[in-house]
S.K.: 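Before I ask anything, let me first share the structure, which is written out below as structure tokens.
Since this is a predicted model, take the numbers as computed values, not measurements.
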Amino acid sequence: MASNTPVPSLARRSLTTWNVFVLTTRRAYSHFPPTRRRCLLQQSRHNCLSSSRRTFSTTPWRGLADVSDSFIPQEQERESDEVDVCIVGGGPAGLSAAIRLKQIANEAGDEEFRVLLLEKAGELGAHIVSGNVIEPSAVSELLPDWNNPDSPSCFESATPATHDKMRFLTKYSSIPIPAPPQMNNKGNYIISLNQFCKWLGERAEEVGVEVYPGFAASEVLYNSTDGSVRGVATNDLGISRSGKPKSSFERGMEFHARVTLFAEGCHGSLTKQVIKKFDLRRDSQPQTYGLGLKEVWEVKPEKFKKGEIVHTMGYPLPSSTYGGGWLYHFGDNLVSLGLVVGLDYPNPWLSPYGEFQKMKHHPIYESVIEGGNCISYGARALNEGGFQSIPKCAFPGGALIGDTAGFLNVPKIKGTHTAMRSGMLAAQAAYSALKSNPDSGTVFLYDYEDALRSSSIWSELKQVRNMRPSFHSPLGLYGGIMYSGLEAYLFRGKTPWTLKHKEPGDYAATKLASECPKIEYPKPDGQISFDILTSVSRTGTNHEEDQPVHLQVEDWEEHKSNQWPKYKGIENRFCPAGVYEYVEDGAKEFGVKFQINAQNCIHCKTCDIKAPAQDINWQTPQGGEGPKYFMT
């Protein structure tokens with residue numbers, strides 16, 4: 001039976017012994033069925049452990065597994081739970097879908113309708129990073145009192161946008177240029193999406209959504225009869241780096257649902273599998289990506305201009321590389337600044353992190369942050385393919401929602417409103433499909449595909465579909481700017497043609513190191529610019545060392561032998577967290593050893609996208625691990 005009782009956060013309690021914790025949680029959840037009770041106990045235990053800096057799982061309270069040599073983890077039975085809808089991912093899309101589902105069910109008096117949301121981060125919002133200027137249309141539809149100061153559930157951290165600036169940068173100057181109408185931010189708000197998702201999570205629990213942070217869905221489950229999606233399973237805990245079970249081993253859990261919504265964000269690990277199995281890209285172009293790098297600074301009061309929004313193009317990126325920077329003033333003397341670099345850049349010597357640090361020394365940025373304090377850093381890949389890269393979003397037993405499907409409006413530099421709206425549309429379609437077909441059987445969300453095509457998401461993305469691919473022309477950056485101006489002011493998406501993205505993907509755009517000029521980056525000064533490990537320390541990222549490396553490269557030595565001669569260490573440069581290294585080693589071929597520092601990973605997914613050989617597979621580590629972002 002479902003319950004609206006939210007999971008208590010035991011992280012805020014002062015617990016002296018593990019036994020006190022066990023007794024307390026067992027008593028609190030004694031009225032639940034056994035499987036549901038175990039799930040709640042595991043979640044409460046995770047919350048308790050998450051109060052410390054290290055967020056990874058430790059020895060479970062229940063009996064430990066026998067770890068004899070004959071013990072095979074994959075052959076152990078997993079416990080399971082049955083729900084109506086399972087949602088993978090606690091970002092804007094997943095939380096909006098969950099809230100809308102329970103709103104519909106509660107309005108219909110269907111209080112036993114179970115909606116469960118799994119989030120791999122230790123707490124909601126901890127893996128979320130974005131600019132972010134939000135267009136409020138979707139959140140106003142979902143939660144009309146979201147910004148009403150008289151409402152007890154008001155989101156109090158939204159800063160109204162006051163005015164926009166658009167600048168083209170050279171090395172030492174900035175040239176004012178007209179911003180396209182899509183970038184007009186009147187009526188929009190500057191927010192921390194990290195904080196916004198925490199707030200959405202609270203609203204979800206209020207309406208009865210079962211929210212489980214720290215549960216990393218690592219496997220898609222399929223029905224043996226017709227191959228439809230049956231749900232997901234979380235990964236096993238307590239597996240050593242060598243793949244053998246430790247004394248802390250605990251089998252993952254299965255969550256079965258007639259509808260599973262994937263809301264993993266850009267380039268989700270399970271989404272990749274579903275897209276491949278059901279051939280969802282058969283009628284769409286390849287996705288193209290960018291890497292967004294962001295810092296949050298506390299600046300001097302005299303330099304703070306609340307609500308000001310600045311976007312830049314040009315320096316420091318070469319003309320062959322798509323991208324741009326931003327500077328948003330929000331909250332109390334806080335500034336969000338960052339750089340997006342298109343991952344179809346050709347020069348393997350380019351480092352997005354190095355470009356970002358260099359950009360901050362431009363007068364338009366340095367004049368604001370000089371004398372301030374950098375309090376946060378983060379990075380995340382984002383979809384840039386737009387309209388022509390949207391896959392089929394519905395499949396037997398589920399659907400793709402939000403940025404995992406690619407609903408980001410690149411010229412507008414916004415995707416939160418489209419992600420939320422897609423989640424709401426999927427929720428309506430899912431509830432309708434389940435109630436019109438109450439008997440057990442495969443559910444296909446036909447209404448979701450139809451609703452997408454008649455929604456503002458479709459018309460909005462179709463109108464700007466040719467802007468991003470126009471930067472692939474022989475004229476590069478300048479040709480793209482000119483064509484995008486024509487699209488914005490004259491064509492308005494009504495042209496009979498649709499430009500294409502490069503085939504087969506961003507990784508294929510990478511040239512050999514010998515064909516490109518080498519780029520040397522200045523040494524960080526420690527005040528405006530920082531070395532990469534200092535920045536990584538600001539993410540709060542953490543992974544237990546003794547577990548299988550979640551950045552899967554089948555043969556490290558073979559990878560080095562194939563990639564080092566061609567690209568001279570591109571992995572070390574495209575990664576914004578210092579995960580990949582080529583360490584000098586005279587005993588090794590080419591005098592270097594390939595090394596993966598998985599503990600540094602901030603889950604940006606860039607390696608899975610940009611690696612030229614496509615031989616790096618990003619998989620979820622243990623639940624609750626990874627970055628612990630603040631104000632991103």
Side-chain angles (χ1 to χ4, degrees), residues 2-12 39-40 42-44 46-48 50-51 55 83 85-103 105-106 114-130 132 134 136 138-139 141-143 145-147 151-158 191-217 234 255 261-265 378 401-404 416-417 419-424 426-427 540 603 623-624 626-632:
S3 172
N4 292 349
T5 305
V7 176
S9 178
L10 298 186
R12 292 188 291 272
C39 198
L40 289 167
Q42 187 174 354
Q43 174 58 50
S44 294
H46 172 80
N47 286 343
C48 173
S50 294
S51 61
T55 60
V83 299
V85 179
C86 178
I87 300 171
V88 181
L95 286 164
S96 298
I99 291 170
R100 190 70 191 113
L101 275 163
K102 285 301 291 184
Q103 286 176 339
N106 292 346
R114 291 188 64 189
V115 179
L116 181 141
L117 184 144
L118 303 175
E119 166 55 41
K120 64 183 175 67
E123 59 183 50
L124 289 182
H127 289 179
I128 298 292
V129 58
S130 180
N132 176 287
I134 186 172
V139 66
E141 181 182 337
L142 181 68
L143 300 164
D145 288 337
W146 79 278
N147 201 32
S151 171
S153 59
C154 173
F155 180 68
E156 299 176 347
S157 303
I191 63 169
S192 158
L193 195 61
N194 155 271
Q195 298 295 313
F196 184 69
C197 286
K198 289 182 182 179
W199 175 82
L200 278 177
E202 293 170 0
R203 306 290 79 76
E205 287 191 331
E206 286 174 356
V207 296
V209 178
E210 300 169 34
V211 180
Y212 295 123
F215 282 62
T234 61
F255 295 92
L261 301 179
F262 293 89
E264 299 179 283
I401 61 176
D403 208 26
T404 209
T416 304
H417 67 294
M420 293 182 71
R421 183 161 283 116
S422 71
M424 294 155 63
H603 299 200
K628 194 172 183 180
Y629 286 137
F630 170 70
M631 293 303 294
T632 55

S.K.: For Leu193 and Ser130, work out which heavy atoms get closest and say how close.
M.R.: CD2-CB, 3.6 Å
S.K.: If you round to the nearest 0.5 Å, how far is CG of Asn132 from CZ of Phe196?
M.R.: 8.5 Å
S.K.: If I take atom CD from residue Glu141 and atom OG from residue Ser96, how far apart are they, to the nearest 0.5 angstrom?
M.R.: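 Rounded to the nearest 0.5 Å, the CD-OG separation comes out at 10.0 Å.
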S.K.: For the residue pair Ala217 and Val88, what are the closest heavy atoms and their distance?
M.R.: CB-CG1, 3.8 Å
S.K.: Say you draw a straight line from CD of Glu210 to NZ of Lys102; how long is it, rounded to the nearest 0.5 Å?
M.R.: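 NZ of Lys102 is found 7.5 Å from CD of Glu210.
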S.K.: Which atom names give the shortest non-hydrogen contact between Ile99 and Val209, and what distance separates them?
M.R.: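 Heavy-atom minimum between the residues: N-CG2, 4.2 Å.
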S.K.: Could you tell me whether a side-chain N or O of Asn194 sits under 3.5 Å from a main-chain N or O of Ile128, the two making a donor and an acceptor?
M.R.: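 Side chain of Asn194 to backbone of Ile128, a donor-acceptor pair under 3.5 Å: no, none is there.
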S.K.: On a heavy-atom basis, which atom in Glu119 and which in Gly90 lie closest, and how many Å separate them?
M.R.: OE1-N, 2.7 Å
S.K.: Could you go through Phe155 and Leu200, starting from their C-alpha distance and side-chain angles, then the distance that decides it, and tell me whether this counts as side-chain contact (heavy atoms from CB on, under 4.5 Å)?
M.R.: CA-CA 9 Å; Phe155 180 68; Leu200 278 177; over 6 Å; no
S.K.: State, to 0.1 Å, how close His127 and Pro627 come at their nearest heavy-atom pair, and which atoms those are.
M.R.: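 His127 and Pro627 have their closest heavy atoms at CD2-O, 3.1 Å.
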S.K.: Roughly how far apart are Glu264 CD and Asp403 CG, rounded to 0.5 Å?
M.R.: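 One gets 11.5 Å once the value is rounded to the nearest 0.5 Å.
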S.K.: Answer yes or no: is there a side-chain heavy-atom contact under 4.5 Å between Leu124 and Leu95?
M.R.: yes
S.K.: Give a yes or no on whether the backbone of Ala158 and the side-chain of Asn147 come within a donor-acceptor separation of less than 3.5 Å.
M.R.: no
S.K.: What distance separates Met424 CE from Gln103 CD, expressed to the nearest 0.5 Å?
M.R.: 8.0 Å
S.K.: Any chance you could measure Trp199, atom CH2, to Leu143, atom CG, to the nearest 0.5 Å?
M.R.: 4.5 Å
S.K.: Are the side chain of Thr404 and the backbone of Ala263 linked by a donor-acceptor contact shorter than 3.5 Å?
M.R.: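 Checking the backbone N and O of Ala263 against the side chain of Thr404, no donor-acceptor pair under 3.5 Å is found.
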S.K.: What are the two closest heavy atoms between Pro92 and Cys197, and how far apart are they?
M.R.: CD-SG, 3.7 Å
